[in-house]
Amino acid sequence: MRDSHQEDHTGEMAHHHEHHQQNRQADHISMHQPTSVPSVHSDHRQTSDAHEGHTGHGNMHEGHIKVMRNRFWVSLPLTILVVLYSPMIQHWFKFEMPKFPGSDLIPAVLGSIIFFYGGLPFLGMARQELANRQPGMMTLISLAITTAYLYSLSIFFFPPPKMDVTTGGMTDFFWELATLITVMLLGHWIELRSVGQAQGALRELAKLMPDTAERILPSGETETVEVSQLHAGDLVLIRPGASIPADGVVREGESSLNESMLTGESRPVEKNPGDVVIGGSVNLSGSLRVEIQQVGENTALAGIMRLVEEAQKSQSHAQTLAQRAAYYLTLIAIAAGILTFAGWLLFTGRLPDAIRNTVTVLVIACPHALGLAVPLVIAISTTLSARNGLLIRRRLALENAKDLNYIIFDKTGTLTSGVQGVVDFATMGMSRDDVVAIAAGIEADSEHSIAEAIRSYARALGVHPAMATNFESLAGRGVKAKVNDTTYYIGGPRLLEQQKWTIPASLESAQHKAQGAGQSVIFLASEESLIALFAISDVVREESRAAVQQLHDLGLKVAMLTGDSEAVAQAVAKELNIDTYFAQVLPEHKAEKVRELQRNSGKVAMVGDGVNDAPALVTADVGIAIGAGTDVAIESAGIILVKSNPLDVVKIIRLSRATYRKMIQNLVWATGYNVVAIPLAMGILAPWGILLDPAVGAVLMSISTIVVSINAQLLRRVNLNRV
């Protein structure tokens, strides 16, 4: 019945749909073919142990995160004590701490502990920078803390004759030293966490993968085996509450699965025979028999882990800009320190004043705020992207998204659902609900895509299928059945030719409209005449309409690429208000269309879901892949839309613009205060009685850090879903 029914509904449309479905299935299978990634089954623990993160200062083992965290938490309470027992702070805030024998030693002793314990990592990284002849932020930090420590130590052991905090005389910098090291430990910890956050979450997910599985033997009995012993083609039993051991396809049973750990979709996903299941998802209700298709390093989870690892090795322009700013700030600080020392010694002849102001310059130049400017924003944007179903494979792709002029969408499976549906309907002589009930009843048992389209249309309208009997297949033309003792037919143009029916004028106009839009036409008729017409086509997603409109609102233009006919492309482009479309484009020519738009319109993003989109994704300034992060197209994309929702492209643009705006604001503020503070600390306005006191310099430095932190936190308030 099904074979003949497949020939009923216009050969061209059926062939196109079958070809698309095969491509989609092939795409999905090939999605699970990462080239080289550790297994998330038997090897996932080794992967977790061996993984190395990446920061702007070089590759570091994840153990470095623990080092920074532990040193921060040890240094923090010691810093609080140093600050509270600092004479300058007590004078400034008008309070006194309890005195006891040895209390005067607290700043020096604890400050020394903080310097050697908390500052040691920065000194080590500075040595690496200098060895590579690339002085940067670590060099600047080390210069400031070393200068402050040696200066404070000399003041402690050899106090000057007139050491008075009330007059701004020579005082130690132990409290500044302590706060500087503690803040930089915090900033570096945040930076390391930000780049390792997604990988850590995935390692936790890998731990949820079951260690064993119930493999079904040819005899029907089951045996418990290690997941690492599973092979493609094995049939496994998944009981309620158990986890899926590897990627596969449901062969028997119906159930709902929790896939939130991979897709972010909070609602259970219904699974029926033929549906794909992802390793790591949890079976919530019914029992399933799943045929394993991908194991170990070829699973979806392993593919995503590899993508995240690649993302960790990428840097954004803002990170590079921060490193460059630190490099130049280091040179400026050293030069300013030398000039300050020489100038004060030359013009005043007072060594204590020269030392005091030189140390003030070097301490003020230390990048408290600069060290936090980018890491804080990256950490927050990482959280926002994960919560919104965006997997950022390359940070540079997210940053480039702010400059886009054109967004190109692949049509099938991206702007459309990839599933046939009823897109238009016309009837004469009968009500719509009666017609739909009859058609759905006749098509009740068919597995053909057009039959499913009619049944879905009935469900959407809330119409129950009529009871059909005496079903008969008309080879190559259609089907017929009885409903309430009346014989009805469903079929395409060849059915009309056989029955010699004439299309009424009211239905003929609907037929011309559908054919003009590249849609297939299916008729419902009784023995005497035609009753109704269904226009069948690939259904446009509702999210696509909103996505195109919101992209227009953001000032971007939208294009569409498709291999379909001119009529189909034109109809979809008109329905979605797309600016430009390219029809009948062969896969190998998609990249050329991207280059054409780049030449004429500037920065271009490509959004696709299939293997054939990979060249275009590589060519585009930003490649965006639809899917759960395992398609072959993902290999060429910089950003993956985990939820496969076109509206998430809008989120990318908004997040990119907001993130870059915060980074630049922070970098401007973090470096800008030095433009004012360093010259004042040098004493450029000293002839007019204006000289930056060390305490005031410390306040400026602290305020800068606070402003940068607050400004970064404001990124959390960005609403990526606003209309």
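The figures that follow rest on heavy atoms only: side chains count, while hydrogens, waters and symmetry mates do not.
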Practice task
Give the intermediate values and the outcome of side chain to side chain contact (heavy atoms under 4.5 Å, CB included) for residues L655 and L390.
Solution key: CA-CA 10 Å; L655 180 60; L390 309 177; 4.2 Å; yes
Exercise for the section: List the steps and the verdict of side chain to side chain contact (heavy atoms under 4.5 Å, CB included) for V277 and V250. Expected result: CA-CA 7 Å; V277 294; V250 176; 3.6 Å; yes
Practice task
Apply side chain to side chain contact (heavy atoms under 4.5 Å, CB included) to the pair V572 and M560, showing each step before the final yes or no.
Solution key: CA-CA 9 Å; V572 174; M560 181 181 69; 3.7 Å; yes
Exercise for the section: Kindly determine whether F409 and L576 satisfy side chain to side chain contact (heavy atoms under 4.5 Å, CB included), including the steps that lead there. Expected result: CA-CA 12 Å; F409 286 95; L576 295 178; over 6 Å; no
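Here the closest non-hydrogen pair linking D275 and E270 is OD2-O, 3.9 Å. Closest approach of I238 to N283, counting heavy atoms only: O-ND2, 3.2 Å. The two residues V483 and Y488 come nearest to each other via the heavy atoms O-CE1, 3.7 Å. Of all heavy-atom pairs spanning L237 and S287, the tightest one is CD1-OG, 3.3 Å. Pairing each heavy atom of I407 with each of V649, the nearest pair is CG2-CG1, 4.1 Å. Between V622 and A401, the shortest heavy-atom distance links the atoms CG2-N, 4.0 Å.
Between V618 and M606, the closest side-chain pair of non-hydrogen atoms is not below 4.5 Å. Taking 4.5 Å as the limit, some side-chain heavy atom of L230 sits within range of a side-chain heavy atom of P245. For the pair I408/F582, no side-chain contact is recorded, criterion being any heavy-atom separation below 4.5 Å from C-beta on. For the pair Y581/T562, no side-chain contact is recorded, criterion being any heavy-atom separation below 4.5 Å from C-beta on.
In this view, E592 and R595, R599 satisfy the salt bridge (charged side-chain N to carboxylate O under 4.0 Å, His left out) rule, not counting sequence neighbours. The salt bridge (charged side-chain N to carboxylate O under 4.0 Å, His left out) search around R432 returns none, not counting sequence neighbours. Not a single ring-ring contact (aromatic ring centres under 6.0 Å, His included) links F523 to another residue, sequence neighbours left out.
Atom CD in E443 sits 11.5 Å away from atom OG in S456 (nearest 0.5 Å). In this structure, CD1 in I640 is found 8.0 Å from CD1 in I392, a value given to the nearest 0.5 Å. The CD1 atom of I624 sits 5.0 Å away from the CD1 atom of I639 when rounded to the nearest 0.5 Å. Rounding to the nearest 0.5 angstrom, the gap separating the CD atom in E575 from the CZ atom in R545 is 4.0 Å. Atoms CG and CG, from N388 and L641 in turn, are 11.5 Å apart once rounded to the nearest 0.5 Å. Atom CD1 of I490 and atom CG of L524 lie 5.5 Å apart (nearest 0.5 Å).
Enclosure of atom CG in D433 by more than 12 non-hydrogen atoms of other residues, nucleotides or ligands within 6.0 angstrom is indicated. The environment of CD in E223 is crowded: more than 12 heavy-atom neighbours from other residues, nucleotides or ligands sit within 6.0 Å.
A donor-acceptor pair under 3.5 Å links the side-chain atoms of H231 to the main chain of Q229, judged by distance alone. Judged by distance alone, the side chain of N645 and the main-chain N or O of L647 form a donor-acceptor pair under 3.5 Å. Checking side-chain atoms of T416 against main-chain N and O of K411 turns up a donor-acceptor pair under 3.5 Å. N272 contributes no side-chain N or O that, together with a main-chain N or O of E254, makes up a donor-acceptor pair within less than 3.5 Å.
Applying the salt bridge (Lys or Arg N to Asp or Glu O under 4.0 Å) definition to pairs two or more places apart or across chains, none involves residues 281-290. Pairs passing the salt bridge (Lys or Arg N to Asp or Glu O under 4.0 Å) check and including a residue from residues 478-493, sequence neighbours excluded, read E472-K480. Contacts classified as salt bridge (Lys or Arg N to Asp or Glu O under 4.0 Å) and involving residues 224-243 (residues at least two apart or in different chains) are given here: E214-R239, R215-D234.
Under the side chain to side chain contact (heavy atoms under 4.5 Å, CB included) rule, V436 has a single partner from I454, V463, V422, which is V463.
Using the six-membered ring where Trp is involved, Y457 and F534 have ring planes that are perpendicular, over 60° apart on the 30 and 60° scheme.
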